[in-house]
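Only one structure is covered here, and it is reproduced in the block below.
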Amino acid sequence: MSEPLIVLSGVTRTFGTGAAAFQALRGVDLTIEEGEFVAIMGPSGSGKSSMMNILGCLDTPSGGSYRFRGLRVEDLNRDQRALLRRHALGFVFQGFNLLARTSAQENVELPLLYRGETVEARHDAARAALAAVGLEGWGHHSPAELSGGQQQRVAIARALVTNPSLLLADEPTGNLDTERSREIMDLLVALNRDKGITVVMVTHESDMAAYARRIVRLVDGKVESDIRNAAPAGVVPGAH
Amino acid sequence: MIWNALLLALREIRRNLMRSFLTILGIVIGVSAVITMVTLGNGATRAVSDQIASLGSNLLIIRPGQHLGPGRDSAGAAAFKVADVETLKTQVSGLAAVVPVTNKSVTLVAMARNWSTGVTGTTRDWFATGKWQIVSGRIFNEAEERAGAAACVIGETIRRELFGSQDPLGQQIRVKQFSCEVIGLLASKGQSTMGNDQDDLLVMPLRTVQRRLTGSIDVASLMISVRDDASMDIAKDQVSWLMRERRHIGAGDNDDFSVMDTRQIAETLSGTTKVMTGLLGAVAAVSLLVGGIGIMNIMLVSVTERTREIGIRLAIGALEREVLLQFLIEAVALASLGGIIGILLATLASIGGAALMHVPYLFNPAINLLSFGFSAAIGVVFGYVPARRAARLDPIEALRHE
């Protein structure tokens, strides 16, 4: 078997120093293979966000090691991590985080802009990504003109447009109603299944975690349980 | 990458059109003030030197008394006589003409209209020396000059004020107790830089003015034109020396007359306008600097306001230097835009101002380029701090920012 996509070994993350120091992660060991759909669950303060930031190369561990495709992330500098994010990662946030007063199309094109792709390549890729999330023809709308569900679809399109190896979703349905949440989850499941994109999702809703094929539960900065979900929700053949 | 950054910057400017406009207002005003001041100043300098040059660069003007400022009053210095003219002509070599001039303020009456002006009494050489052209009629002839005939040549302003649409030639103008016949009309020279109307004059033979108006044989000033092949400095020295002798001035005493050459007058006057131009330009440059601080202020606000956006950009893989470049280019684009608008405004203001001030409009590419370059540089200098602040943001913090 080839090298796992993600290997966390003994990862700790400490904020502050001395008496005020707070340990958000207290030695996390986790291996995620290419093509997995992992949900990370846990109560607030369990270290979900810290873990997400480290997985997303936005932050580095205080101790232990994070290997992304065998690459030691803690050894990379700020710009090298930015390049890693640019070429291998896609982010979906709870608050959508689209650029305001910027059309959906332009939002989706943004990562390609930093990759230095040509105008035409950007247009085509962004249009394709919008079509893949079911927003064909909505490209000229600004986020304010779109519903929450549509905004999150644009955000997913933006994460997809670079064909990332890993899609990190931080409470992707946190701001959506149940119906919209299901649609977004179905979309993530489909992307994982059809395109083989590894998805790591942080959520505190067990309904949403049920879509994942593996559920990792964090408590007090440690992995409490790591369960394979034999019958993930929404993966009914033909139901999509 | 630069092109993309420029595109992003322009998009951002367009997105906040009102704020962008207010941001660059300081630069717009600064640039247009600098360019307008310098352009008008240069125009005024040119106008002054043009006017002096229109008299010819080989002219000496002699007046009684010294005009050198307080404590050296010229009151009481004797006027010149016609005999001085003859002596200068015969004893100084290299002179083309020596022209006596006497002035008298009078009220003219003709066609039931009157007009107050100055009468110039002089000789035939005055016209050539002062580079005057005759549009119609003729100047007085030698016989009229010698006899002190009642013949006059009038300027354009007098023709307009007294005769309106009628042909002035052959008409009589009443000057105090006598009438003189209009025999010629001078070509218009327009307004001088100092704002006086050069066409408001009536020219008569010197003798006519002396006999019928001033009642004395005094000559107020002498205009001397030096031949092109002769040295101005030598002529000036010889004239001074001769006049000292004729006016019995002792070896240690100061002159009781002044000899100025046109080049000297031109230099003095244009020196003054140049200093003024420099001062006004410096004041305007300060306002340009203030405009730059305005840009920095808004850019800092903009970075705070767009913290989340910066976070998004960093999260999706923007490098520190790319964010820096984006904000820097935005500041430079704003400042340059301000520079361009400032140049356009300055061009309009300069053309309008030049027309109002009766000075030529001289497009000065150097000051335009300099102002533009300076405003772009202001964008770099005052945009750098906010841009660096944006680039150094922690993406996690920035994404959490509300």
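As the structure is a computational prediction, the values presented were derived from the model and not from experiment. In the text below, chain A, chain B and the rest are named by the order of the sequence lines, each starting its count at 1. Basis for what follows: all heavy atoms, side chains included, without hydrogens, waters or symmetry-related copies.
- When all heavy atoms of Ala318(B) and Ala82(A) are compared, the pair lying nearest together is O-CB, 3.7 Å.
- Atom-to-atom distance recorded for Leu98(A):CG and Arg308(B):CZ is 10.0 Å, nearest 0.5 angstrom.
- The parts of Leu314(B) that come within reach of chain A are both its backbone and its side chain, each placing non-hydrogen atoms under 4.5 angstrom from that chain.
- Note that OH of Tyr114(A) and CG of Leu319(B) are 9.5 Å apart. Values are rounded to the nearest 0.5 Å.
- Interface residue Ala391(B): only backbone heavy atoms are found under 4.5 Å from chain A.
- For chain B, the option among Thr162(A), Leu113(A), Val119(A), Asp59(A) with the highest count of heavy-atom pairs below 4.5 Å is Leu113(A).
- Atoms CZ and CG, on Phe93(A) and Leu399(B) in that order, are 4.5 Å from each other to the nearest 0.5 Å.
- Leu110(A) touches chain B through backbone and side chain together, each having a heavy atom under 4.5 Å away.
- When heavy atoms are compared at a cutoff of 4.5 Å, Leu84(A) does not approach chain B at all.
- Counting heavy-atom pairs closer than 4.5 Å to chain B, the top-ranked of the candidates His87(A), Gln80(A), Arg101(A) is Arg101(A).
- Residues Glu320(B) and Arg78(A) approach most closely at OE1-NE, 3.0 Å, considering heavy atoms.
- Pairing each heavy atom of Pro395(B) with each of Leu58(A), the nearest pair is CB-CD2, 3.8 Å.
- Here the straight-line distance linking atom CD1 of Ile316(B) with atom CG of Asn97(A) works out to 10.5 Å at 0.5 Å rounding.
- The stretch residues 124-161 of chain A places Arg158(A) near chain B, each with some heavy atom under 4.5 Å from a heavy atom of that chain.
- Other residues, nucleotides and ligands place more than 12 heavy atoms under 6.0 Å from the CZ atom of Arg19(B).
- More than 12 non-hydrogen atoms from other residues, nucleotides or ligands lie less than 6.0 angstrom from OH of Tyr361(B).
- When heavy atoms are compared at a cutoff of 4.5 Å, Glu397(B) does not approach chain A at all.
- Residue Ile396(B) touches chain A through its side chain alone, counting heavy-atom pairs closer than 4.5 Å.
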